[in-house]
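For reference, the structure I am asking about is given below.
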Amino acid sequence: MLYALKIATRYLTASKAQTALLISGVAVGVFIFIFMSALIGGLAEFILSRTVGDISHVTVEAETADPEVLIDADGHLLAAVEPGRLRTATLRDSATWVPLIEAVPGVRAVSPQITGAGFLNRGSQVAQVSVKGLEPGRESAILNLEGYIVAGSARLGSGVIVLGRRLAEELDLSVGQVLRLQSSGGVSSVLTLGGIFQTGTGMLDGSSVFVSLPTARNLFALPQGVTRIEIKLDDLNAADATALRIRALTGLDAVPWTDGAEQLMEALNAQAQTGYFLKTFALITIVIGVASALVLSTYRRRPEIGIMRAMGAGRGFVVVVFVAQGALVGLIGGVTGAVLGYLALLPLPGRDEFRPGTLPLDITQGSYGLAITLTVLGAILASILPARAAARVDPVTAIGQ
Amino acid sequence: MKTLLEARELVKTFGVGEAATHVLRGLSLTLEAGEMAALLGPSGSGKSTLLTILGTLMKPTSGSLRMLRQDLVAADDAALTEFRNRHIGFVFQFHNLLPDFTALENVIFPTAVREGRETPEARARGRDLLVRMGLESRIDFPSAKLSGGQKQRVAVARALMNTPELVLADEPTGNLDRASAMQVMDLIGEINQDQGTTFLISTHDEKIAARCRRQIVVGDGLVTG
């Protein structure tokens with residue numbers, strides 16, 4: 001084996017220009033593979049961070065209670081209480097659930113919330129808004145509120161409201177001004193504008209307001225519990241599994257973000273499939289390149305193969321010599337391509353620094369190990385047929401050439 | 001003398017039907033251990049085919065071949081490869097060295113391929129053989145850069161590397177000038193004398209044949225003299 005490896009190395013170094021070209025070809029293929037992995041992975045990351053990054057990955061909603069009914073002795077429905085506009089269903093034991101959910105592996109942050117509809121009044125101006133009550137200190141647990149603040153602060157103290165820039169512009173508001181927020185149940189609170197955010201999402205910037213959880217309790221007349229618990233994960237792809245785990249652990253109806261996001265998932269899958277195709281073609285190119293080079297080498301070295309066979313080299317030895325050449329070309333080309341790919345991606349913005357207009361290449365998703373492994377395996381595969389052909393060379397005919 | 005090799009009724013036919021060419025037509029031959037024999041005959045008489053069959057590189061169409069009490073017709077490829085490596089050395093007309101290897105690497109190839117690596121012992125023996133061939137200044141020289149006579153001497157050293165019982169030489173001096181040819185024959189004669197290695201040398205050159213103690217003449221696929 002060692003001696004076959006020596007002969008393989010000698011054959012490769014004997015034709016330096018040809019070997020360099022072959023290794024360059026493999027390296028280019030690996031470079032493309034890595035570039036595509038980084039691009040497809042980065043693109044998926046970019047799309048997900050833009051669409052899902054600021055939303056809850058798993059949400060626990062209070063289940064709406066069945067309407068109260070009046071039934072006579074014969075089982076006929078006599079009357080039913082129509083559900084009111086005020087949300088009454090709550091997660092009463094949220095104080096118990098939150099620490100339990102926080103302890104689930106992969107959970108990054110948990111945000112108990114009270115949500116509802118309301119009207120924001122400033123003088124004669126009224127705007128319909130979606131109200132979200134957050135626990136002070138957890139303002140940026142799900143949406144990176146602090147990161148989007150353009151004026152004031154994201155801190156939700158008592159009697160403080162934070163709202164979007166579009167809404168602030170519509171009502172001509174600035175930080176420090178006082179305004180009145182009325183819930184859909186008719187309860188009002190006078191609040192001070194503590195901060196203005198801009199996420200770039202129309203709905204959020206134009207009709208969402210954030211208040212503290214105690215303020216929301218007053219507004220929506222919920223003395224205890226919350227209406228929903230939002231959960232952020234370390235890996236948003238683990239949402240389905242984590243939701244199942246939370247359901248099993250708490251019995252609550254935990255819903256992953258992927259529910260209702262089928263179109264986004266299909267788009268990401270289609271994108272991933274495109275990536276697989278491109279990477280497969282890069283690998284096929286490598287395999288064809290290595291195979292054709294070794295077929296030529298086998299043909300050129302037929303007399304030498306004949307001599308080796310005459311001197312007592314077995315067929316297996318000849319196979320190892322040529323397969324080792326393929327493996328060495330794959331390994332050197334693979335490592336070279338991977339290093340070049342890494343170096344080319346190094347100066348580009350990292351995964352957390354993607355900006356609109358730049359190519360979202362994620363250096364951490366270059367699949368370097370996979371690229372090298374697949375290249376070596378592909379090169380070995382490509383060398384098997386030429387190696388077998390070499391082993392079948394008839395020494396008498398080959399020496400006579 | 002002890003019988004080293006015994007070939008009986010060797011037939012070799014290439015092609016089939018009307019296109020069949022009968023190169024050997026029932027040739028029988030015995031070689032004794034320590035012999036130095038010349039194989040003579042006109043071109044196309046079957047000398048090279050006979051050497052190829054005796055060297056286990058090709059099987060006869062029919063007939064028997066035994067060497068060192070082993071049936072070489074019935075043996076499979078792997079067994080023949082090992083037998084060839086241990087017991088038979090080859091010297092070809094066109095030296096047939098591995099061009100990307102040095103003189104020493106060529107010489108030790110038969111041992112290295114058997115051992116799976118180049119051992120220090122093999123390298124020492126290879127050096128000794130090359131020194132004996134008068135190539136001490138060419139030991140680590142690329143074989144492609146050696147002269148014709150030097151290449152053929154390296155080929156002789158390679159044939160002797162595994163101390164084979166039999167060395168088959170097919171026109172070993174055919175491509176050499178007279179001085180180089182005689183030098184190679186001197187070496188072969190010395191080794192035959194010193195080590196008792198059996199040589200069967202195919203040649204057209206009567207002066208080369210005259211240096212062998214036995215002449216075997218082949219004609220029309222049979223031993224004729």
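Chain letters run A, B, ... following the sequence lines, proteins first and then strands; every chain starts at 1.
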**Asked** Checking I7(A) against chain B: side chain, backbone, both or neither under 4.5 Å from a heavy atom?
**Response**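 Both the backbone and the side chain of I7(A) come within 4.5 Å of chain B.
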
**Request:** Please say whether more than 12 non-hydrogen atoms of neighbouring residues, nucleotides or ligands are located less than 6.0 Å from CZ in F277(A).
**Result:**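 For F277(A), atom CZ is not crowded (no more than 12 foreign heavy atoms under 6.0 Å).
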
**Prompt:** Does anything in residues 305-319 of chain A get under 4.5 Å of chain B by heavy atoms, and if so which residues?
**Reply:**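 Hits under 4.5 Å: I307(A), M308(A), R309(A), A310(A), M311(A), G312(A), A313(A), G314(A), R315(A), F317(A).
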
**Message:** To the closest 0.5 Å, what do you measure between OH (Y3(A)) and CD1 (I108(B))?
**Reply:** 6.0 Å

**Request:** Could you list all the salt bridge (charged side-chain N to carboxylate O under 4.0 Å, His left out) pairs where at least one residue sits in residues 275-299 of chain A, not counting sequence neighbours?
**Result:**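 Qualifying pairs: none.
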
**Asked** Is any residue of residues 321-335 of chain A within less than 4.5 Å of chain B by heavy atoms, and which ones?
**Response** none

**Request:** Could you tell me the separation between the CE atom of M58(B) and the OG1 atom of T397(A), rounded to the nearest 0.5 Å?
**Result:**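 Those atoms lie 7.0 Å apart.
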
**Asked** If you tally heavy-atom pairs under 4.5 Å against chain A, which of A159(B), G116(B), P110(B) wins?
**Response** G116(B)

**Message:** Could you check whether atom CZ of R10(A) has more than 12 heavy atoms from other residues, nucleotides or ligands sitting under 6.0 Å from it?
**Reply:** yes

**Greatest number of heavy atom pairs closer than 4.5 Å to chain A - which of T52(B), D100(B), I88(B)** = D100(B)

**Asked** Above 12 or not: heavy atoms from other molecules or residues under 6.0 Å from CZ of F83(B)?
**Response**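 Buried by this count: over 12 neighbours within 6.0 Å.
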
**Prompt:** What residue in E105(B), M161(B), R114(B), E115(B) has the most heavy-atom pairs under 4.5 Å with chain A?
**Reply:** E105(B)

**Message:** Does any backbone or side-chain atom of D77(B) lie under 4.5 Å from a heavy atom of chain A? Answer side chain, backbone, both or neither.
**Reply:** side chain

**Message:** List the residues meeting salt bridge (Lys or Arg N to Asp or Glu O under 4.0 Å) with E82(B), not counting sequence neighbours, and say none if there are none.
**Reply:** R86(B)

**Message:** Counting neighbours of CZ on R388(A) that are heavy atoms of other residues, nucleotides or ligands and sit closer than 6.0 Å, is the number greater than 12?
**Reply:** no

**Asked** In terms of heavy-atom pairs under 4.5 Å, which option from F92(B), F101(B), F90(B) contacts chain A the most?
**Response** F101(B)

**Message:** Checking R117(B) against K6(A) for the side-chain contact (heavy atoms from CB on, under 4.5 Å) test, could you report, in this order, the C-alpha distance in whole Å, the side-chain angles of both residues, the deciding distance, and whether it holds?
**Reply:** CA-CA 9 Å; R117(B) 65 195 179 97; K6(A) 177 188 169 163; over 6 Å; no

**Asked** Of all of S48(B), P99(B), A78(B), G89(B), which one pairs up most often with chain A through heavy atoms under 4.5 Å apart?
**Response**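 Looking at each of S48(B), P99(B), A78(B), G89(B) in turn, P99(B) comes out on top.
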
**Message:** Can you tell me which of T56(B), L97(B), L98(B), L80(B) forms the most heavy-atom pairs within a distance under 4.5 Å of chain A?
**Reply:**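 Top option by heavy-atom pairs under 4.5 Å: L98(B).
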
